[in-house]
Number of protein chains: 2
Amino acid sequence: MVLQKYTFAVIATDVAIFTTQDGELKVLLIGMKKSPYEGFFALPGGLVGGDESIDDAAGRHLFDKAGVRGVFLEQLSAFGEPDRDPFGRVVSVAYYALVPPDAHRLKTTKQYKGVSWFSVQRLPNLAYDHKHILEAAVARLRGKLAYSNIARNLLSREFTLGEMQSMYEIILGEKLDKRNFRKKMIGSGLLTETKHMQKGRANRPARLYTFKKKKMVFI
Amino acid sequence: MVLQKYTFAVIATDVAIFTTQDGELKVLLIGMKKSPYEGFFALPGGLVGGDESIDDAAGRHLFDKAGVRGVFLEQLSAFGEPDRDPFGRVVSVAYYALVPPDAHRLKTTKQYKGVSWFSVQRLPNLAYDHKHILEAAVARLRGKLAYSNIARNLLSREFTLGEMQSMYEIILGEKLDKRNFRKKMIGSGLLTETKHMQKGRANRPARLYTFKKKKMVFI
DNA sequence: TCAAAAGTGTTCGTGCTACACCCATGC
DNA sequence: GCATGGGTGTAGCACGAACACTTTTGA
C-alpha cells in the first residue's frame, strides 16, 4: 500500500444534457474525430480551469455546447477509475442538465457542428465510460421524477397537461392514466392555470398552465 | 474564459463514517495538529493513489481509520471549490459509510489515537469544508432511510425491533409509533425472526431478528 | 363528418395514522 | 413490588388505481 506523496489528476466535467422531443427522451452528444475514439460520440464536457469551481465548469461547458444558461444542472457523481481515459489520469465529475424543448435551436447553427440529439433508446457508440455515466444519469432522472418536481425543467414556460403527461411517460417509459395524472398535478398546488389556450391544432384546444414558483419544491 | 491547457489537481477522498451509540447518531472525526487547522477536527480521508480507483481509496481510508471492511460505503458527491484547501487545488470525492455499533472497538487502541466519535448534534470545529460535507452526508442518510433499507448497515447481525426503531428515531430525529413501526417492518418481509431472545436486561426479553438477504433492497 | 386530443367522477382497495393496555424480566 | 421495555389490534382517513364517455377544434 505504498503511495506517492501526491498524485495529480486532470479534473474534467461531463454533462448529460436532456430534453424531450418527438415523444422521446434525448441527450446531447458530440461526434469525436480524434484517435482512439474517431466515430464515437461523447457527452459534452471538458476540463476544469485552475481557478474555477467544478460547478462553474459544468455550467460553462453546458453553455458552450447547448447554448443555454440558468437551466437545471445538478452533480451526478465523480468517475475516477484509473484507466477510464487513455490520455492519463482524468477524474470526471459528471452532471446532468434538463433543458426545455423550446430552448434548443442549436441543431441548425454552425457553431454546434457535430453536436446532435440522440434518443436514449438508440444510442451510438460512446467514448470513455460515457455509456456508464449516461446510464447513471437516466436512472437518477427517472428516480427523481417520482418524488420531486424537476420535470418542470423539461417543459416550456406555458404547457398543456397533455404535454406534461407525455413528458412523464417518456421518462418513466410507461403509460399513465389521464384522469389520475391530471387530478394529481392540479391537486399538487404547483401549477397555475393561465387564460391562454393552445391554438392551431386539429383538435379541441387545451388549457395552458405555468409553474407557480421559480424554486424547486420536493413533493 | 482563457484556460491553461491542463490543470492538475490532487484527488482526495473524505469519508463520513456513521454509527449509532448511546441513542445518538455519531460520526468519526480526527483531531488535527498541523497549521492552519490545529485544534480542528476533520473527516478521515486522504489522497487517492496514482493507480487506485477513487472507490478503492475511500475503502482503504475507511479501513485505516475505522478498522472495518465490507461495510456500506457510497459516494456522496465531489467537492471542488478552488479555495477549499489552503494547500492548493484539492478535489475531494466524499463518501459516507455506515458501521454497526458492535464493530467499533477503535476507541481504546493506540493505532487510533486522536480518532473519536462525535454526536452529529454536538460537533466540534471542522477543518476545510468538512462541515458542509457532513451536512450533505447527514441529509443523504436521512433521505435514504425513508425509501431504502440502508438502516441494516447500522445494526448488529441480530437485533431487536426496539433497537431498530430507536435507530430510526435517532437518524430521523423524531419519535415513531411502536405498533406502526413493528407492523411495517415485519410486514416488509425483509426480516427473519430468530429463535434467540435478548438476555440479561431488567425487562421482558425481546425477540432477536436478522435481515433476510445480504444485498440491498429498495423498498 | 371524421380524426384527434381535451376534459371530467366515482368506486375500491391499500396503506398510514392514532391510540392504551397487559407481559416478562431483574433488581 | 416496581421499574423497564416488549408485545399486541382496530377504526378512520387519505391516496392511488382502474375505468368510459362527451366536447371542441381543424381538415
Side-chain angles (χ1 to χ4, degrees), chain A residues 20-24 101 142-143 145-149 151 155-156 158-170 172-210 217-219, chain B residues 20-24 101 145-149 151 155-156 158-170 172-210 217-219:
Chain A
T20 52
Q21 209 181 57
D22 309 326
E24 294 188 301
R142 203 163 280 172
L145 197 66
Y147 65 92
S148 79
N149 68 344
L155 291 167
S156 320
E158 298 199 333
F159 51 89
T160 71
L161 290 178
E163 284 162 5
M164 190 180 191
Q165 180 177 345
S166 103
M167 203 262 297
Y168 269 75
E169 288 171 344
I170 289 167
L172 297 177
E174 56 178 335
K175 279 281 171 196
L176 302 175
D177 181 271
K178 185 163 51 155
R179 277 175 290 193
N180 293 338
F181 184 84
R182 301 168 76 88
K183 223 185 311 172
K184 187 169 160 184
M185 286 306 153
I186 292 170
S188 76
L190 296 172
L191 304 184
T192 308
E193 195 177 296
T194 71
K195 285 168 191 157
H196 313 144
M197 305 293 282
Q198 199 185 36
K199 279 180 198 141
R201 316 222 6 193
N203 54 29
R204 175 168 168 180
R207 180 161 302 279
L208 294 168
Y209 289 80
T210 58
V217 178
F218 292 87
I219 345 183
Chain B
T20 51
Q21 208 180 56
D22 307 328
E24 294 187 300
L145 196 66
Y147 65 94
S148 80
N149 67 345
L155 292 167
S156 320
E158 299 199 333
F159 50 89
T160 70
L161 290 178
E163 284 162 5
M164 191 181 191
Q165 180 177 346
S166 104
M167 202 261 296
Y168 269 75
E169 289 171 344
I170 289 166
L172 297 177
E174 56 178 335
K175 278 283 170 195
L176 302 174
D177 181 272
K178 184 164 49 156
R179 276 175 291 193
N180 294 337
F181 184 84
R182 300 169 76 90
K183 223 184 311 170
K184 189 168 157 183
M185 286 306 152
I186 292 169
S188 76
L190 297 172
L191 305 184
T192 307
E193 195 178 296
T194 72
K195 286 168 189 156
H196 313 144
M197 304 293 281
Q198 199 185 37
K199 280 181 197 141
R201 314 212 21 180
N203 53 30
R204 175 170 169 179
R207 180 160 305 276
L208 294 168
Y209 289 80
T210 59
V217 178
F218 292 86
I219 348 182

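It should be emphasised that the depicted structure is a prediction, and the values quoted were computed from it without experimental measurement. Below, read A as the first sequence line, B as the second, and so on, with proteins coming before strands; counting in each chain starts at 1.
For the pair K175(A) NZ and dG16(D) C1', the computed distance is 19 Å after rounding to whole Å. In this structure, Y147(A) atom OH and dG16(D) atom C1' are separated by 20 Å, rounded to whole Å. Atoms CG (L208(A)) and P (dA6(C)) sit 11 Å apart, rounded to a whole Å. What separates CD of Q198(B) from C1' of dG6(D) is a distance of 9 Å, to the nearest Å. Protein atom CD of Q165(A) is 14 Å distant from nucleotide atom P of dT8(C), rounded to whole Å. The CZ-P distance, from R207(B) to dG6(D), rounds to 13 Å in whole Å. Rounded to an integer number of Å, the gap from F181(B) CZ to dG5(D) P is 17 Å. Distance Y209(A) OH to dA6(C) P: 11 Å, rounded to the nearest Å.
Using a distance-only test at 3.5 Å, with no hydrogens or angles considered, a donor-acceptor pair links the side chain of T160(B) to the main chain of E163(B). Put simply, the side chain of E169(A) gets close to the backbone of L176(A): a donor and an acceptor are under 3.5 Å apart.
Residues M197(B) and K184(A) both approach DNA chain D. Their nearest nucleotides, taken by heavy-atom distance, put M197(B) toward the 5′ side.
The side chain to side chain contact (heavy atoms under 4.5 Å, CB included) test with R207(A) is passed by exactly one of E193(A), Q198(A), E158(A): E193(A). For the side chain to side chain contact (heavy atoms under 4.5 Å, CB included) with R182(A), the qualifying choice from R179(A), K178(A), M185(A) is K178(A), the only one to do so.
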Protein-nucleotides 18-27 of chain C N/O pairs closer than 3.5 Å?
unit_1, atom_1, unit_2, atom_2, d
dA18(C), N7, N180(B), ND2, 3.0
dA18(C), N6, N180(B), OD1, 3.1
dC19(C), N3, R179(B), NH2, 3.4
dC19(C), N4, D177(B), OD1, 3.3
dA20(C), N1, R179(B), NH1, 3.3
dC23(C), O4', R204(B), NH1, 3.3
dA24(C), N3, R204(B), N, 3.0
dT25(C), O2, A202(B), O, 3.4
dT25(C), O2, N203(B), N, 3.3

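With values rounded to the nearest 0.5 angstrom, D22(B) atom CG is found 9.0 Å from I170(B) atom CD1.
Separation of the F181(B) and Y168(B) ring centroids falls under the 6.0 Å cut-off.
Counting any heavy atom pair closer than 4.0 Å across all strands shown, R182(A) reaches a base atom.
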